[in-house]
Amino acid sequence: MHNAAAKPRINVAEMPSVPVASKQTCFERIMARTNELAVLPHVVHRVLEITSVDDCVGRDLEKTILIDPGFSSKVLVLANSAAFGLPRRVSSVREAIMFLGYRTVRSVALTVGLFDVFVGKTDQSSMRRREWWRHSVDTAVCGRCIAMSSDQIPLEDAYTSGLLHLIGKSFMDRHGGMEYELVEEMIEGGASDLAAERAVYGCDHCEVAIEAARRWDLPLSLQSGLNYLQPALPNDPFGSLRACTIVATRMASRAKHGATDENAVCPEWALERLGMVGATMAELGAIGRRAIAEAEMRI
């Protein structure tokens with residue numbers, strides 16, 4: 001993907017025709033499979049719901065996490081990782097909340113809860129999805145970093161939007177009936193992500209992610225954030241979250257690939273919305289690298 005500049009640009013109109021069903025059929029096939037994942041997104045949704053209010057009660061968060069012993073154990077493993085530097089190991093979700101605070105435990109729970117949804121079964125294609133997942137966690141960390149210096153975006157929304165922004169790619173890869181590798185070949189040839197996805201699947205990853213969020217009854221703010229590749233209108237109440245998500249994903253990409261990443265460029269509308277006009281990609285990449293190094297959230 002990062003050698004795209006060395007290859008001839010592809011005219012989307014001249015892309016090879018891929019024998020897929022109609023857009024609606026392909027889209028519905030993908031979305032029908034997301035319904036099979038109802039249990040885990042329900043836990044994620046409950047975590048989002050509980051922690052979205054100012055008077056969040058720790059015991060309610062604890063109760064939600066403890067629904068699934070396997071899930072709660074993964075939360076504890078991550079909470080005890082070196083990333084959080086706790087003074088001692090915690091042995092219960094209640095202790096984790098006490099030491100880390102419910103907002104941090106919320107991020108941990110979402111990270112754990114969404115991993116299996118995102119990556120799915122272990123197969124050759126899952127390596128691609130793991131790369132997307134790692135980038136999504138980095139984007140979530142960068143998004144939270146941006147939100148910390150802004151009074152426009154809740155930290156939790158910035159983190160969650162970053163964590164979910166590529167989930168549409170995973171669903172397309174797993175349930176779209178076509179290998180996402182076909183999309184990647186077109187991207188290598190110079191096509192944009194969205195144009196290549198539409199050529200292969202008849203829909204794009206943003207559309208899939210937004211529809212999944214709608215079916216899971218996630219807040220409208222997150223649904224807007226997942227539409228991160230489309231500029232937000234000036235009067236869009238959730239435009240700042242959308243801007244945060246696109247800048248965060250570019251920051252994460254620059255942090256990993258450095259100046260060799262031809263695609264790590266932030267759109268002006270997003271920088272303007274966030275009050276970051278004039279910020280260079282070198283500066284943003286450096287900030288992203290520090291934030292990611294401090295978080296060390298790798299699953």
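- Gly162 and His165 make their closest contact through O-ND1, 2.7 Å (heavy atoms, listed as atom of the first residue, atom of the second, distance).
- Val47 and Leu220 fall into different hydrophobic clusters, where Ile, Leu, Val, Met, Phe, Trp and Tyr side chains are chained together by heavy-atom contacts under 4.5 Å.
- The aromatic rings of Phe115 and Trp133 sit perpendicular to each other, their planes meeting at more than 60°, with 30° as the lower class boundary.
- Here the closest non-hydrogen pair linking Leu226 and Ala209 is CD1-O, 3.6 Å.
- Counting heavy atoms from C-beta on, the side chains of Thr249 and Leu166 never come closer than 4.5 Å.
- At a threshold of 4.5 Å between non-hydrogen side-chain atoms, the residues Ile30 and Cys203 count as touching.
- A salt bridge does not link Asp138 to Lys256: none of the charged side-chain nitrogens sits closer than 4.0 Å to a carboxylate oxygen.
- Within the 4.5 Å cutoff, side-chain heavy atoms of Ile246 are placed close to those of Trp269.
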- Message: Test side-chain contact (heavy atoms from CB on, under 4.5 Å) on Ser192 and Leu229; report intermediate values, then the result.
- Response: CA-CA 11 Å; Ser192 70; Leu229 291 177; over 6 Å; no
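- With hydrophobic clusters built from ILVMFWY side chains whose heavy atoms lie under 4.5 angstrom apart, Leu222 does not share a cluster with Phe238.
- Of the inter-residue distances, the one linking Thr245 atom OG1 with Arg242 atom CZ reads 9.5 Å to the nearest 0.5 angstrom.
- Side chains of Val105 and Phe99 form no contact here, defined as non-hydrogen atoms less than 4.5 Å apart.
- Between Ile210 and Glu207 the shortest side-chain heavy-atom distance does not fall below 4.5 Å.
- Hydrophobic cluster membership is shared by Leu61 and Val90, with clusters built from Ile, Leu, Val, Met, Phe, Trp and Tyr side chains linked at under 4.5 angstrom.
- For Gln152 (side chain) and Arg273 (main-chain N/O), a donor-acceptor pair under 3.5 Å exists by modelled atom type.
- Side-chain contact between Met98 and Glu62 is absent, with no heavy atoms from C-beta onward closer than 4.5 Å.
- Residues Leu271 and Glu268 have side chains in contact (heavy-atom distance under 4.5 Å, counting atoms from C-beta outward).
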- Query: Between Met251 and Ile146, does a side-chain contact (heavy atoms from CB on, under 4.5 Å) hold up when you go through it step by step?
  - Reply: CA-CA 10 Å; Met251 282 176 66; Ile146 293 170; 3.6 Å; yes
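- Between Glu294 and Arg290, none of the side-chain N atoms (NZ, or NE/NH1/NH2) sits under 4.0 Å from a carboxylate O, so this pair counts as no salt bridge.
- Summarising the local packing, CZ of Arg94 is surrounded by 12 or fewer heavy atoms from other residues, nucleotides or ligands at distances under 6.0 Å.
- To the nearest 0.5 Å, atoms CZ (Arg106) and CD1 (Ile65) are separated by 11.0 Å.
- Put simply, CZ on Arg250 and CE on Met281 are 8.5 Å apart, with the number rounded to the nearest 0.5 Å.
- Atom CG of Leu114 and atom CG of Leu164 lie 5.0 Å apart (nearest 0.5 Å).
- In this pair, Tyr180 and Trp132 present their aromatic rings perpendicular. The plane angle is above 60°, beyond the 30 to 60° band.
- Separation of atoms CD1 (Ile187) and CG (Leu194) is listed at 9.0 Å; rounding is to 0.5 Å.
- Arg128 and Glu131 are not joined by a salt bridge, as no carboxylate oxygen comes within less than 4.0 angstrom of a charged side-chain nitrogen.
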- Output, in order, the C-alpha distance, side-chain angles, deciding distance and verdict of side-chain contact (heavy atoms from CB on, under 4.5 Å) for Leu163 and Thr139. CA-CA 7 Å; Leu163 207 58; Thr139 299; over 6 Å; no
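- Note on Tyr159: it clusters hydrophobically with Leu218, by side-chain heavy-atom contacts below 4.5 Å among ILVMFWY residues.
- In terms of heavy atoms, Ala158 sits closest to Cys244 at CB-SG, 3.9 Å.
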- Query: Does the pair Met186 and Val183 meet the rule for a side-chain contact (heavy atoms from CB on, under 4.5 Å), with working shown?
  - Reply: CA-CA 5 Å; Met186 291 182 178; Val183 174; 5.7 Å; no
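- Heavy atoms only, all atoms of each residue included: His135 and Ser253 are closest at CE1-N, 3.6 Å.
- Pairing each heavy atom of Arg29 with each of Gly176, the nearest pair is NH1-O, 3.0 Å.
- Taking CZ from Arg88 and CG from Asn80, the interatomic distance works out to 9.5 Å, rounded to the nearest 0.5 Å.
- Salt bridge status for Glu28 with Arg215: present, with a side-chain N to carboxylate O gap under 4.0 Å.
- Between Gly288 and Cys142 the shortest heavy-atom distance is CA-SG, 3.8 Å.
- Note on Met276: it clusters hydrophobically with Tyr228, by side-chain heavy-atom contacts below 4.5 Å among ILVMFWY residues.
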